[in-house]
Amino acid sequence: MPKRNYDTIAKAFVQDAKRVLEEHDIHVRNKFFRSSEVDGFYKDRYKGIATWSTNEPILKYILFTELCDKYKMRPEDRAYNGAKLLDLSLFVDERNESNQAEIGIEMKWAAITNKSLMTAGSLQCFVDDFVKIKDAMATHKYLLQFAHHKPTVKIDPIKIEQQIIEQKDKRAFRYFSTKIISIEQFLTRGSNEEEQIMFSILLWKVQKNSEGKYNLQQKCSARCG
């Protein structure tokens with residue numbers, strides 16, 4: 001059997017995630033604009049996937065139900081020792097659901113500022129998930145962030161990676177590091193058809209450092225595609 005490139009598999013999954021979320025976005029948008037209350041009760045509501053209360057469990061449900069025919073997946077996987085659950089596991093060659101999956105993913109909403117940085121709350125949530133997934137039993141670990149922001153805000157992977165290193169406790173990155181390896185985006189709508197909102201999906205790879213510790217002075221590198 002040829003050696004698997006798990007980053008390629010994870011990136012392909014994110015591309016499929018973008019497709020199904022964009023399809024759902026159009027479905028939700030059409031629902032809003034067919035409503036008699038589009039200019040009344042729903043006047044100020046985002047009309048698409050970014051609408052109120054679209055939280056991580058809802059996104060997870062959409063991805064699982066729409067992609068279960070293409071991927072072997074298990075949401076809310078017992079992939080940690082103890083009571084913690086992993087948001088999503090992807091089984092590649094492994095066919096037994098009771099065994100450990102090769103790919104583990106934690107999912108989180110994020111808020112991106114106009115300066116292409118995470119807000120303080122989003123940054124803390126990200127680090128919490130980073131610390132958590134280090135203990136996952138999956139061999140290949142990833143973090144998946146969802147964000148909506150102004151289309152004029154360009155996601156700068158190097159800038160966000162540097163923000164994490166500079167603003168959070170460096171001891172968390174002593175033996176593991178993380179970097180953005182893929183960004184997928186599509187345009188959704190704000191409160192009306194003219195207002196555009198960018199929906200971004202960021203895939204982060206979490207891996208053990210080969211030298212046993214993280215050189216915090218090294219430049220952040222982004223490998224997106």
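In what follows, every heavy atom counts, from backbone to side chain, and hydrogens, waters and symmetry copies are set aside. What you are looking at is a predicted structure, and each value in this text was computed from that prediction instead of being measured.
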R95, CZ atom: more than 12 neighbouring heavy atoms under 6.0 Å: no

For atom NZ of K208, decide whether the heavy atoms of other residues, nucleotides or ligands shown that lie under 6.0 angstrom number more than 12. no

Would you mind checking if D25 and R29 are paired as a salt bridge, meaning a charged N to carboxylate O distance below 4.0 Å? yes

Do K47 and V28 have side chains that approach each other closer than 4.5 Å (heavy atoms only, starting at C-beta)? no

Hey, does the side chain of E161 reach the backbone of I180 with a donor-acceptor pair shorter than 3.5 angstrom? yes

Determine the minimum heavy-atom distance between M73 and F13, stating which atoms define it. SD-CE1, 3.7 Å

Provide the closest heavy-atom pair for Q100 versus E94 in the form atom of the first, atom of the second, distance. O-CG, 3.8 Å

Using a cut-off of 6.0 Å, state whether more than 12 heavy atoms not belonging to N99 lie near its atom CG. yes

When you group the ILVMFWY residues by side-chain heavy-atom contacts below 4.5 Å and let the links chain together, are I197 and F33 in the same group? no

What heavy-atom pair brings V92 and E102 nearest, and what distance separates the two atoms? N-OE1, 2.8 Å

For residues N192 and E194, report the shortest heavy-atom separation together with the two atoms involved. OD1-N, 2.9 Å

Rounded to the nearest 0.5 Å, what separation is found between the CG atom of L123 and the CD atom of Q167? 5.5 Å

Does atom OH of Y61 have more than 12 heavy-atom neighbours, drawn from other residues, nucleotides or ligands, at distances under 6.0 Å? no

Note, I49 side chain near F146 side chain (heavy atom, < 4.5 Å): no

Heavy-atom side-chain proximity of R19 to E66 below 4.5 angstrom: no

Does Y42 OH have over 12 foreign heavy atoms under 6.0 Å away? no

Hey, any chance L88 and I58 share a hydrophobic cluster, counting ILVMFWY side chains that come within less than 4.5 Å of each other, even indirectly? yes

Hey, is D129 close enough to K132 for a salt bridge, meaning N to O under 4.0 Å? no

Heavy atoms of other groups near K84 NZ, more than 12 under 6.0 Å: yes

Euclidean distance, I160 CD1 relative to S122 OG, rounded to 0.5 Å: 10.0 Å

Do T54 and T51 have side-chain atoms, one donor and one acceptor, less than 3.5 Å apart? no

Quick one: sort the H148 and W109 rings into parallel, tilted or perpendicular, breaks at 30° and 60°. perpendicular

W204 and F130: CA distance, side-chain angles, deciding distance, ring-ring contact (aromatic ring centres under 6.0 Å, His included) verdict: CA-CA 10 Å; W204 296 75; F130 170 76; 9.1 Å; no

Please answer: with hydrophobic residues joined when any side-chain heavy atoms are less than 4.5 Å apart, are I103 and V14 in the same cluster? yes

Kindly compute the distance separating CD (Q145) from CG (L203), expressed to the nearest 0.5 Å. 10.0 Å

Identify the heavy atoms of M137 and R78 that sit nearest to each other, and give their distance. CE-O, 3.7 Å

Check the surroundings of atom CG in D39: do more than 12 heavy atoms from other residues, nucleotides or ligands lie under 6.0 Å from it? no

Contact between D16 and K70 at the side-chain level, heavy atoms closer than 4.5 Å - yes or no? yes

Within a strict 4.5 Å, meaning less than it, do heavy atoms of the V153 and M198 side chains meet? no

Can you check whether S191 reaches K43 side chain to side chain, under 4.5 Å on heavy atoms? no

To the nearest 0.5 Å, how far apart are NZ in K115 and CG in D156? 14.0 Å

Measure the shortest side-chain to side-chain distance between L86 and I133 over non-hydrogen atoms and say whether it is less than 4.5 angstrom. yes

Taking a hydrophobic cluster as the set of Ile, Leu, Val, Met, Phe, Trp and Tyr residues connected by side-chain heavy atoms closer than 4.5 Å, whether directly or through intermediates, do I9 and F91 fall within one such cluster? no

As a quick check of understanding, evaluate side-chain contact (heavy atoms from CB on, under 4.5 Å) for H27 and K31, giving each step before the final call. CA-CA 6 Å; H27 173 72; K31 286 282 190 180; 3.7 Å; yes

Find out if a path of hydrophobic residues (ILVMFWY) with successive side-chain heavy-atom gaps under 4.5 Å connects I201 to I105. yes

Say whether Q185 and S200, considering side chains only, have a donor N or O and an acceptor N or O under 3.5 Å apart. yes

Step by step, work out the side-chain contact (heavy atoms from CB on, under 4.5 Å) result for K141 and K134. CA-CA 8 Å; K141 313 173 202 295; K134 288 191 295 184; 5.6 Å; no

Measure the spacing between NZ of K11 and CG of N5 and express it to the nearest 0.5 Å. 7.5 Å

Do the side chain of K72 and the main chain of A101 share a donor and acceptor less than 3.5 angstrom apart? no

Determine whether a donor-acceptor pair (N or O, by modelled atom type, separation under 3.5 Å) exists between the side chain of T178 and the backbone of K205. yes

Once rounded to the nearest 0.5 Å, what's the spacing between atom CG of N114 and atom OG1 of T152? 6.5 Å

For side-chain contact (heavy atoms from CB on, under 4.5 Å), just list the numbers for M107 and L59, CA-CA rounded to whole Å, side-chain angles, deciding distance to a tenth of an Å, and then say yes or no. CA-CA 9 Å; M107 299 166 49; L59 293 173; 4.3 Å; yes

Is there side-chain contact between M118 and I164, with at least one heavy-atom pair below 4.5 Å? yes

Can you name the closest pair of heavy atoms from G48 and T188 and give their distance? CA-OG1, 3.9 Å

